[in-house]
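Quick caveat, the model's predicted, so the values are computed rather than measured. Indexing begins at 1, ligand by ligand and atom by atom, following the structure's order.
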Amino acid sequence: MKTIRLHDKTFSLFIPYAEISSAIDRVAEKINRDFKDAPAPPALLCVLSGAIMFTGELMKRLDFDCTLSSIKLSSYEGTSSTGVVKEAMGLTAPVEGRDVIIVEDIVDTGRTVHALVDLLKKKGASSVRIATMLLKKEVYEGSIPLDYVAMEIPNRFIVGFGLDYDEIGRNLPDIYVIE
Ligand code: IMP
Ligand code: MG
């Protein structure tokens, strides 16, 4: 089994790129079906930094007109959630009157998406949907339904494909799990 070392920890290969790519194909198909007759271009909202790779892979599979904006939030320190969602950079474009699709790397406790949905509603978004590459289903405490989930994973700390361990590991094309 392929392993890598990041900072003080060892990670082993968990989801190879081919599998990630097929999962994104499937979720993109679903989004395409739902938005094919959208009256106005929806706004993809990339949640930086983790969702950057997923956003790129997802949007090239979408076949309807859409815009792209971003916001930077963080709640993790090291390998665990602090429980507090910090806004490091605000919305890069207004969302008033827009149909927004949040694009997230991973939903864990759900605090981040909940805070984001509240913010988008407050800022006047017409509708908000959530697309996430990964879901830690056992940990999700949220009440908001997650519209598009590419893959479900157990409650383990992972890195790669945009996700980091203290800011490194984001560039790995595959997903690795902590040993
Ligand atoms: P939540 O607010 O608890 O749902 O946490 C969501 C955010 O925490 C995600 O957007 C990630 O940035 C980060 N996160 C959660 N789980 C992991 C993980 O296993 N590895 C890296 N980052 C994670
Ligand atoms: Mg994130």
Report yes if the side chains of Leu73 and Lys86 come closer than 4.5 Å at any heavy-atom pair, otherwise no. no
Near Glu104, which atoms of ligand 1 are under 4.0 Å from a heavy atom of that residue? 10 (O)
Which residue pairs satisfy the salt bridge (Lys or Arg N to Asp or Glu O under 4.0 Å) criterion with at least one member in residues 127-154, sequence neighbours excluded? Asp34-Arg129, Asp108-Lys136, Lys137-Glu152
Only heavy atoms of Arg156, strictly under 4.0 Å: list the atoms of ligand 1 that pass. 19 (O)
Can you tell which part of Lys136 has a heavy atom less than 4.0 Å from ligand 1: side chain, backbone, both or neither? side chain
Going by distance only, is there an N or O of Gly110 that falls short of 3.5 Å from an N or O of ligand 1? yes
What part of Phe157, side chain, backbone, both or neither, has a heavy atom within less than 4.0 angstrom of ligand 1? both
Any nitrogen or oxygen of Leu163, side chain or backbone, less than 3.5 Å from one on ligand 1? no
Phe64/Phe35 aromatic ring centres below 6.0 Å: yes
Ligand-residue contact atoms, ligand 1 with Ile158, heavy atoms, under 4.0 Å: 18 (C), 19 (O), 20 (N), 21 (C)
Heteroatom proximity flag, Asp164 to ligand 1, N/O under 3.5 Å: no
Residues that Asp8 engages under side-chain hydrogen bond (donor to acceptor under 3.5 Å, both in side chains), provided they are two or more places apart: Tyr165
Assess Gly50 for proximity to ligand 1: is some non-hydrogen atom of it under 4.0 Å away? no
Assigning hydrophobic clusters by single linkage (Ile, Leu, Val, Met, Phe, Trp, Tyr; side-chain heavy-atom cutoff under 4.5 Å), is Ile178 placed with Phe161? no
Heavy-atom side-chain contact between Phe54 and Asp105 under 4.5 Å: no
Looking only at side-chain N and O atoms, does Arg61 offer a donor or acceptor that is under 3.5 Å from a partner on Ser21? yes
